[in-house]
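Shown next, in structure tokens, is the structure this report addresses.
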Amino acid sequence: MGRIETTLRKIFDIPRKHFEPGGRLEKLAPLFEAIEDVVFFPAEATRHRPLVRDSLDLKRFMSMVLVALIPPLLFGIYNTGYHTRLASGMSTNLISTAGTGLMIVLPVIIVSYAVGLFWELVFAAVRKHSISEGFLVTGLLFPLTLPPTIPLWQVAVGITFGVVIGKEVFGGTGRNIFNPALTARAFIFFAYPAQMSGDAVWVAVRQNAAGAADAVTGATPLAVTTLQAPFNHIQEMLASKGYTLASLAIGNYPGTIGGTSAICAAIGALILIAAGIASYRIILGCIAGLLATGFLLNLLATPQAMPWFSVNPVYHLAAGGFAFGAAYMATDPVTAPGTDRAKWIYGFLIGALTVLIRVVNPAFPEGVMLAILFMNMFAPLLEYTEIRLRLKKRIPHV
Amino acid sequence: MNPKHSFPIKRLKIAGQPEHRIEAAPAPGEVAAMPERIPLLKARLRVDTGDRVKIGTPLYEDKENTDIVFASPAGGQVVDIRYGPRRVIREIVIQTEKAEEHEDFGAPPGAELSRTTRPRLVQILLNAGMWPLFRDIVYRSVADPAETPAAIWVAMDNLDPFHPPPEIYLSTPADLRQFKTGLHALNILCEHTHVCKSAKSADLDAEIENRVTHRVRGAYPAEDPGVVHFHNKTTTSENRGWFIRGQDVVLLGEFLETGSFPTRRIAAVSGADIESRYVSTRIGAPLHTLISGVIEPDKYRWVTGGLFRGYSGSIKSYLGLYETGLFLITESNKRELFGFMRPGTNKPTCSRTFLSIFNPKPLSMDADMHGAKRACVNCGNCTRVCPVNILPQFTYKCIRAGEIEEALSHGLLDCVECGLCSYVCPSKIELCHTFQETRHAYFRERI
């Protein structure tokens, strides 16, 4: 370990002079600093009271989110590979499936990180601040919400929009109103609908495989509505397409790279809550809002209403990207309200809106992305209201 | 009343708890008074280098209220007056004589105490330089003698690591007697004298236990007089209060009984590489006299007055008037390889992101930021630990936006400067320091 450390030390010490003020690569100093800080944790002495500080810093905070993203990421890689090989008529043993999945998913993640990092660096260099760790999360969340067939240039355009318009124009990390990863996805969703929605984008078919073309189109579970299920038979309809509650929860169906598995998202949510990074209030609020609204719509269901009115609310929990959104996107602390009661309301309304968009609006089969972005907009208002209420309880100093 | 506070800080297990014994420190050849450490004070010297002073001779006074004088903690010659930036008086160093003389303040009230009136008692305490032991609960500065406080809080414990608990500074019958005399005097100054004691500290004799009005459960800063005051006040008129530390009540009693300025102190001395114990010393003692054994002095931050509220100094510093704890912590200047990815079985934290939460052993703290400064991500950790229900992240943003009125409505004046918000902030924002500066600026503008 000692030798590795000395070697690494040298790797950073030799080019350091170029990045220092006056050096040739002065503008790239934030990049140098960011990379060095990842390898060698910064050691800076306290100057003000309190003279001791907690070991938790933003790097650790954000890397806990990355840890929590491991289950959906791994499952997403496998699932993508599996459906590709299945549709292409290839064997689906674990190793080759994972290999195929990696071949599809890895470029998307690399492009997302590389292009996003480029923009982060541009803004850090101009504004002369350090690169914020929040990007590590955005750069991985965004690819996991994309269909595996996404063209890489669209990934680049999307993350550019997310980082620049979603975050940096507001002043950078901590000041953005909307979740950058979701802003990026929303941009791609509306700008390039052909590659982001419909039935044909969810499986990346290997063109060279024989006899595959027919198997690749298939409605995602939430898009089954277009098939006009008879009243109160939506569950049977879903089952006939192979979507049982169990398969929805496990998520082994074609869909976004990382967003299909409710179970993986639940594992991630548990990690985040156990580590104290994500707010359990938001996550439980989302679930409560989703179930309550789903149940309410059940009561309103008539044969004339749209088919999803009558689905068991638990299906909403398992289907689509809700679990992923509730666990990783809604809990983004920057864009969520910072006060406790406002978090419950914020979560509840995300759940409620998700169901409403899914059920009532035939244009959008999935609603969680729009629900979260919409509530992002209201988070400051919720927060402000709670602060006002709290301040009323204080005994003022004249 | 039995207020109960529980802050996530209880998860923090700090190594260096002093052993339960009192050791006498060697008599120091010089002691110092440190006007810089008195919050919000604009000091004016009353002595010059070369002057001879007695114990209790006024060394400096408050420019804004010259009735408030600060007594010399030693008898001898003023050998040095050291200044800091902008000519702030840092240290007034006095070389002690073998036979120190005491300033004569007239006959002590002693047994006559019950017949002493409030104005008379205030006058006696001001003259003898005892007044600075009373502190304002809002600004934590020296109390204003012209004011009638809603309550006086006696803080028997100081859980900021580490300070002597009551059973240490009240270990002799004389201490107990003087403590009671002190309490008696407090009752003359204000009829609402509250005595708060941590539920964790050991029981004392029955008479004192009966005087305890508030028993506080919970870790630092639950026992802080400002925190207890905050949770007990019900109206605006109760906002103003004073507080005094338990050990200072003993000094008050000693003064009223003997008539001379008391100088003794019991201090907690802690650190990873030294013998952690309590020492009996005197006000203004040089820090090196508190350490036994050989250490490399420059390796450490010599923190006096607790890890959270304390000041950092070096081996050349002294024990300030209010300071009864010395903690030697290291300043790690080594950048740890892959530091943020390590499981962290020995990293002290209030969070749940390190494996140290499963480590039952007390962990040693260091004077390191443990991270670089970042933008606020609204994580809300500061709100969770704030003992007086402020929303520090929003209050901080108000201050940064110049909205001082808004920050005041958030409860900026309720802030007890405990430092927990800065401690837990993952973005390493200097919340507490900002609040303190703003409070001080407000105090000065208000006058």
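First the proteins, then the strands, lettered A, B, ... as listed; each starts at 1.
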Side-chain ([X]) to main-chain ([Y]) donor-acceptor, under 3.5 angstrom:
| X | Y | result |
| --- | --- | --- |
| A:Asp54 | B:Cys350 | yes |
| A:Ser55 | B:Pro348 | yes |
| B:Arg335 | A:Glu44 | no |
| A:Arg60 | B:Thr353 | yes |

Chain A: which of [options] shares the most heavy-atom pairs with it under 4.5 Å?
| options | answer |
| --- | --- |
| B:Thr234, B:Leu412, B:Thr383 | B:Thr234 |
| B:Ala367, B:Ala375, B:Gly380 | B:Ala367 |
| B:Ser409, B:Cys425, B:Cys421, B:Cys432 | B:Ser409 |
| B:Met365, B:Lys347, B:Glu417, B:Arg374 | B:Arg374 |
| B:Gly310, B:Ala372, B:Cys379 | B:Gly310 |
| B:Ile357, B:Ile14, B:Asn389, B:Ile329 | B:Asn389 |

Need one label for [X]: side chain, backbone, both or neither, based on atoms under 4.5 Å from any heavy atom in chain B.
| X | value |
| --- | --- |
| A:Glu36 | both |
| A:Thr173 | both |
| A:Ile273 | backbone |
| A:Ala336 | backbone |
| A:Ile131 | backbone |
| A:Arg390 | side chain |
| A:Arg394 | side chain |
| A:Asp37 | both |

Which of [options] touches chain B most, by non-hydrogen pairs under 4.5 Å:
| options | answer |
| --- | --- |
| A:Arg49, A:Met64, A:His129, A:Lys393 | A:Arg49 |
| A:Pro337, A:Gly276, A:Gly134 | A:Gly276 |
| A:Leu58, A:Thr335, A:Val334, A:Leu56 | A:Leu56 |

A:Gly338 versus B:Gln393, closest heavy-atom pair with distance: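 Minimum heavy-atom separation between A:Gly338 and B:Gln393: O-NE2, 3.9 Å.
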
Contact summary for A:Val52 and B:Asp366, nearest pair of heavy atoms: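 Looking at all heavy atoms of both residues, the shortest contact is CG1-O, 3.8 Å.
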
Contacting region of [X] [heavy-atom separation from chain A under 4.5 Å]:
| X | answer |
| --- | --- |
| B:Arg301 | side chain |
| B:Ile390 | both |
| B:Asp414 | both |
| B:Phe394 | side chain |

Pairing of B:Glu331 and A:Arg47 as salt bridge, 4.0 angstrom limit: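 No.
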
CZ/A:Arg9: more than 12 non-hydrogen atoms of other groups inside 6.0 Å: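 More than 12 heavy atoms, drawn from other residues, nucleotides or ligands, come within 6.0 Å of this atom.
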
pair A:Arg53-B:Ser422: side-chain heavy atoms closer than 4.5 Å: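 A:Arg53 vs B:Ser422: side chains touch.
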
